[in-house]
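Chain A is the first sequence line, chain B the second, and so forth, proteins listed ahead of strands; every chain is numbered from 1. Every heavy atom of this structure was used, including side-chain atoms; hydrogens, water molecules and symmetry mates were not.
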Amino acid sequence: MSFGLLKIAAALAALGLFVSACDRGASRAPEWTEAEVTTLKSLWLESLPDLPDDPSNAVANNAIAAEFGRKLFLDARLSANGGVSCSTCHQVARRFTDGLRKARALGLSDRNTPSIVGSQYSPWQYWDGRRDSQWAQALAPLENAHEHGTSRAQVVDTVFGDTDYRMTYEALFGPLQNPAGSSNVELNIAFANIGKSIAAFERTIMPTTSRFDEYVAALVRGNADAQREILNADEKAGLRLFISKANCTQCHNGPLLTNHEFHNTGVLNFPGDVPDKARAGGVREVFGSEFNCRSIYSDDSAGHCPELDFARTGIELIGATKTPSLRNLEHTAPFMHKGQLPSIADVLDHYNKAPDAMIGHNEAEPLGLNTAELQQLEAFLTTLTAPVSELGVEL
Amino acid sequence: MISRRAVLYCQLISLFTVLFSGDVSAHGGVVEEDDLCVIKVNYLRAHFKVYQPGALGHEQYCEDLPMATESVFVMEYLHDSLSEMPIDFRIIRDVTGKGRFARMEDIDLIDDIDSATVFYRAPVVEPDIYLVNYQFAEEGDFIGIVSARHPDTGKVYAAVFPFEVGFTGLGYWPFFIGMLMLIQFQYLLMSGRLKRWFGKEVAVAACFVLGLLLSPVSFAENLVVTYTTSDGDPEINKMHDWIVHIENDDGLEIEGAIVDVEGGMPEHNHGLPTKPLITAELGGGDYKLEGMRFHMSGYWEIIVSITTDNGSSKVTIPLQL
């Protein structure tokens, strides 16, 4: 090695020492302000409150019902062609989504398959909130011609004709009538009970710890080394943007990273479809839903339905869709209510531009983030993934 | 004495009116009002816009469309009764030979409208917004016809709007507008009207101010609204109740008032996620407000409208969450 090269090598080594010293120095200074730590803790899975009761579903927390619901969830006999179960679209490996733009079962449905993870905390189900409980939601695809394409009589008949199912049903809900001789109300009660069992299973599909949650745990414990190891510099920079100038936490807040509310963010229509009216239609539908909280099929004898009582209506809801959770985001592409945007980068680009909405108005404002910042945000969003093995669901 | 310019001005205005506006005011069509594209179905108005989302993304058009491609027509009602009326939507190839000057009378003269029709959507009541998605197969001149049937009287109102697909130029509009502006400016300058109008404007402004002062809203005494919540500081995403306390600035509690509560985030131009209601008057100027929920942190305003025998007033509660 020549003397010149040696000098350069020595200079580089000195620089390296200096940089690492700076790095150590920087890590001693508090990385997050007190207010930022409060925000980070609010997004932490540890902050998730206990699952609220569902008074409309008497078996919501019943383990036997949950196991019965798990079997029903997987049972393709609950479809017109014997080939479609709930898990056709809600695939556990894809965090209960299907990787398609719009759900495809017996036919092509109208919207993208939403994940089930965390949906037990939402007062509204579906992108447009057209059902107000998990059990009422679980019934709708069974009778939708593009999904399971069956009928409530056939569903009840399947349970009636299967000895194991019938015994479990009767242990939970009492005697099951032969649907052939049932009145409409009797049939609907049995159908609703089947939905309530599926919901009991779905309530067990809880979000689990992601790298982001481990990072916040390390932060709370003051473990600086762990903090450095868990998230890299880009991911941390992305997290900082997420809670500051990218405005993400305006809607993606709380430990599920959703406010469960409806917002118009100006996504283009799906090719060939008219723009989706979304919540404007959904709120009308939920009021008319025969299995809503006010129906005779709800188990809440007090008839207490605050979500319906205080639901907002009006033109402000045109084109507004429900904020999805961001947990497990990297496994739930494509994104938006009709899967219009294929990748996380496309979604970030969309919010960065915040274009005018085709219908209603886009609530988001342009962000003015540069390419590096968008990449940092994307890096952060991948830290919200939890391993599928930890979902605690065996299918 | 009438100057030659005045005559020319009048002629041009007449021509302009006949060609462009006369049809619209008589029957209905698409016009631009204050940068807003509006469709007039007789007296019923809707914000009108067209997108070619597949090719041109979020770009919006008023009438003429750049390409023969997927096109989404949007009518956002500016008149509530449109949300209760069956509306149909037809697009025909322009077989009238009238181009952009085609009117309803010309449509009525078409013998076989079905054979000229490229798209038809049968009457349907759309309660929120009216939407059509049509894939144009070819460029050319087209005419859109929107009709709405009044649910009570059965009367049918229609709007006719000729448009071009594969539109590249601006047609005669810039020419007409340029001519008009030039002639009007010259006329005003020569006739001395600019000065006289200046005086008139002051009078108009004075009328406007007077109108505001005499506006029919009467204000009650200054009211003070305070609140307590069921859970301490409002928690994001959690439905909770408030007790709203109303008194005047002399400390007199206001009882028996009709109280309405609205709210939202002015910076985001949206309201509350719920529609909270006063469910009980608790006495002593206290009112129970149920169904409150905030779904974002940030700056909120809660607007409490109070109506008593003395009149109405609104009190805004600022809230930083």
Face-on cation placement of B/R90 at B/Y120 ring, 6.0 Å and 45° thresholds:
yes
Can you see whether A/F270 has A/K102 sitting over its ring - NZ or CZ less than 6.0 Å from the centre and within 45° of the normal?
yes
Taking [options] one by one, which has the highest count of heavy-atom pairs under 4.5 Å against chain B?
{"options": "A/V274, A/T313, A/T249", "result": "A/V274"}
{"options": "A/L317, A/I315, A/D309, A/D356", "result": "A/D356"}
{"options": "A/H260, A/H361, A/M358, A/R284", "result": "A/M358"}
{"options": "A/P271, A/G272, A/P306", "result": "A/G272"}

Answer with side chain, backbone, both or neither: which region of [X] has an atom nearer than 4.5 Å to a non-hydrogen atom of chain B?
{"X": "A/N264", "answer": "neither"}
{"X": "A/I318", "answer": "side chain"}
{"X": "A/T258", "answer": "backbone"}
{"X": "A/P49", "answer": "neither"}
{"X": "A/Y121", "answer": "neither"}
{"X": "A/A280", "answer": "both"}
{"X": "A/A364", "answer": "neither"}
{"X": "A/E307", "answer": "both"}

Hey, does B/Q52 have a side-chain heavy atom less than 4.5 Å from the side chain of B/E70?
no
Would you mind reporting whether B/T69 and B/F136 have side-chain heavy atoms less than 4.5 Å apart?
no
Does the side-chain hydrogen bond (donor to acceptor under 3.5 Å, both in side chains) test come out yes or no for A/N259 and A/T323, once each step is laid out?
CA-CA 7 Å; A/N259 58 3; A/T323 311; 2.9 Å; yes
Measure B/I236 against the heavy atoms of chain A and call it side chain, backbone, both or neither at under 4.5 Å.
side chain
Is it the side chain or the backbone of B/N133 that comes within 4.5 Å of chain A heavy atoms, both, or neither?
both
Quick one: which of B/M265, B/E76, B/E290, B/H47 has the most heavy-atom pairs under 4.5 Å with chain A, could you say?
B/E290
Is it the case that atom NE2 in A/H304 sees more than 12 heavy atoms from other parts of the structure closer than 6.0 Å?
no
Spacing of SG belonging to B/C62 relative to CD belonging to B/E32, to within rounding of 0.5 Å:
4.5 Å
Per the side-chain hydrogen bond (donor to acceptor under 3.5 Å, both in side chains) rule, which among A/E363, A/K322, A/Q250 passes with A/H263?
A/E363
Kindly determine whether B/Y61 and B/F163 satisfy ring pair (Phe, Tyr, Trp, His ring centres under 6.0 Å), including the steps that lead there.
CA-CA 11 Å; B/Y61 300 90; B/F163 61 99; over 10 Å; no
Check for me whether the distance between the ring centres of A/H252 and A/F242 falls short of 6.0 Å.
no
